[in-house]
**Student:** 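Got a structure for you, written out below as structure tokens; questions coming shortly.
Counting convention: from 1, in listed order, for ligands and their atoms alike.
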Amino acid sequence: DTVEVAFLGRSNVGKSSLINSLCNYRGLALVSGQPGKTKTINYFDIESKEDISETEERRYHWFLVDLPGYGFAKTNKDNRNMWSSFISDYILHSERLMLLCLLIDGRHPEMPIDKVAFDWLVEAGVPLQIVVTKVDKLNAKEKSVNLAKIKAMYPTDSPPIMYSSLKHTGRELLQQRINQVLVGEEA
Ligand SMILES: Nc1nc2c(ncn2[C@@H]2O[C@H](COP(=O)(O)OP(=O)(O)O)[C@@H](O)[C@H]2O)c(=O)[nH]1
Ligand SMILES: [Mg+2]
């Protein structure tokens, strides 16, 4: 069975842009002008490789799982804390899930809905990687202040990865982190 790495975050957090940047492929995941548009789970079939020496490489075959964004409802204001049942169903039944990347908007590090999501995921026992998005929009001071807030609010074993899909900042780090969890699952 193919292993999975999932991506989750609030609508408009920059998930589709990050998936495109990570996979180095513009247009893989649809970057939307309409937040909250994707309601279903998208699976991308990924072949990745990692150089382990001049002559050797490891190859991995895995599914990138693009989960629906949470926290946005276009019509119903009372439904703003929307968390699709697709998300919980997927997570509670995903035996091949190796890592879930939880995306946090670098400009809004302390959103209650993200904390609710984080606590739920920790409770569910999901292996987590925090990815801070849109860091190109932050100056140096904001970066360090917001990173400290994120570390305090979302404690995880490995530190958050600062990402910009515009500049591809953090791409290698995130690729390495994913490879690290896929070792032993080589294709
Ligand atoms: N400056 C900047 N803008 C970004 C970045 N990532 C996403 N965006 C913008 O944020 C908006 C939402 O992005 P999208 O990837 O569709 O978010 P999604 O709803 O989480 O899939 C779009 O206008 C993107 O162009 C980033 O790293 N830097
Ligand atoms: Mg999207």
Side-chain angles (χ1 to χ4, degrees), residues 4-46 63-77 79-91 97 99-118 120-121 126 128-147 149-151 153-154 159-178:
E4 299 171 358
V5 175
F7 291 75
L8 176 65
R10 201 169 40 80
S11 291
N12 215 37
V13 72
K15 181 164 53 70
S16 297
S17 302
L18 183 136
I19 290 169
N20 289 337
S21 159
L22 183 70
C23 301
N24 207 2
Y25 190 96
R26 206 174 284 274
L28 181 73
L30 195 71
V31 176
S32 184
Q34 286 171 275
K37 225 180 138 194
T38 315
K39 301 258 192 298
T40 54
I41 298 177
N42 292 307
Y43 288 79
F44 299 103
D45 196 331
I46 308 285
F63 286 133
L64 187 160
V65 182
D66 182 7
L67 294 168
Y70 56 79
F72 186 91
K74 201 171 185 180
T75 45
N76 187 352
K77 269 197 173 171
N79 213 15
R80 285 216 124 219
N81 287 352
M82 187 187 69
W83 165 275
S84 161
S85 61
F86 282 119
I87 300 170
S88 20
D89 286 351
Y90 168 76
I91 286 161
L97 179 62
L99 184 69
L100 185 141
C101 297
L102 179 64
L103 277 49
I104 303 292
D105 192 321
R107 298 164 305 168
H108 309 291
E110 296 180 302
M111 294 198 64
I113 192 164
D114 288 333
K115 181 61 175 166
V116 170
F118 176 81
W120 190 93
L121 293 162
V126 181
L128 286 175
Q129 173 65 52
I130 301 293
V131 181
V132 184
T133 63
K134 308 188 189 183
V135 298
D136 57 277
K137 294 194 177 193
L138 305 176
N139 64 35
K141 176 87 196 294
E142 290 168 327
K143 253 181 230 170
S144 73
V145 168
N146 290 3
L147 179 60
K149 285 180 179 170
I150 285 168
K151 282 180 172 170
M153 195 146 174
Y154 313 103
I161 293 174
M162 305 291 268
Y163 208 104
S164 163
S165 301
L166 208 68
K167 301 188 172 172
H168 306 302
T169 316
R171 180 162 67 185
E172 267 192 48
L173 259 182
L174 184 52
Q175 286 170 341
Q176 282 166 14
R177 174 76 171 114
I178 292 170

**Student:** Which ligand 1 atoms does Ser164 reach within 4.0 Å, using its non-hydrogen atoms?
**Tutor:** 27 (O)
**Student:** State if Gly69 counts as touching ligand 1 under the rule of any non-hydrogen atom under 4.0 Å.
**Tutor:** no
**Student:** If you measure from each non-hydrogen atom of Asn12 to ligand 1, which part falls under 4.0 Å: side chain, backbone, both or neither?
**Tutor:** both
**Student:** Any side-chain heavy-atom pair from Leu18 and Leu174 closer than 4.5 angstrom?
**Tutor:** yes
**Student:** For Pro109 and Met153, which heavy atoms make the closest approach, and how far apart are they?
**Tutor:** O-SD, 4.1 Å
**Student:** With nothing but distance in play, are any N or O atoms of Lys15 less than 3.5 Å from an N or O of ligand 1?
**Tutor:** yes
**Student:** I want to know if ligand 1 touches Val135 in the polar sense, i.e. an N/O pair below 3.5 angstrom.
**Tutor:** no
**Student:** Enter the distance from Ser17:OG to Tyr163:OH here, rounded to the nearest 0.5 Å.
**Tutor:** 10.0 Å
**Student:** Going by heavy atoms in the side chains, are Val132 and Lys143 under 4.5 Å from each other?
**Tutor:** no
**Student:** State, yes or no, whether a side-chain contact exists between Leu8 and Leu100 at a heavy-atom distance under 4.5 Å.
**Tutor:** yes
**Student:** Measure from atom 13 (O) of ligand 1 to every heavy atom in Ser17, Gly9, Ser11 and give the option owning the shortest one.
**Tutor:** Ser17
**Student:** Taking ring-ring contact (aromatic ring centres under 6.0 Å, His included) as the definition, give me every residue that meets it alongside Phe118, ordered by chain and number, with sequence neighbours left out.
**Tutor:** Tyr154
**Student:** Nearest 0.5 angstrom please: Phe86 CZ to Leu67 CG, how far?
**Tutor:** 11.0 Å
**Student:** Suppose I only count heavy atoms of Ser165 and a 4.0 Å limit; which atoms of ligand 1 are within that range?
**Tutor:** 26 (C), 27 (O)
**Student:** Within the structure, does Tyr163 bring an N/O atom to less than 3.5 angstrom of an N/O atom in ligand 1?
**Tutor:** no
**Student:** Would you indicate which of Arg10, Lys167, Lys134 comes nearest to atom 4 (C) of ligand 1 when only heavy atoms are counted?
**Tutor:** Lys134
**Student:** Under 2.8 Å from the Mg ion (ligand 2) - does any N, O or S atom of Ser16 fall there?
**Tutor:** yes
**Student:** Kindly assign one of parallel, tilted or perpendicular to the pair Tyr70 and Trp83, based on the angle between their ring planes and the thresholds 30° and 60°.
**Tutor:** tilted
**Student:** Judged by non-hydrogen atoms, does Asp136 sit under 4.0 Å from ligand 1?
**Tutor:** yes
**Student:** Output yes when the distance from some N or O of ligand 1 to some N or O of Gly14 is under 3.5 Å, and no in every other case.
**Tutor:** yes
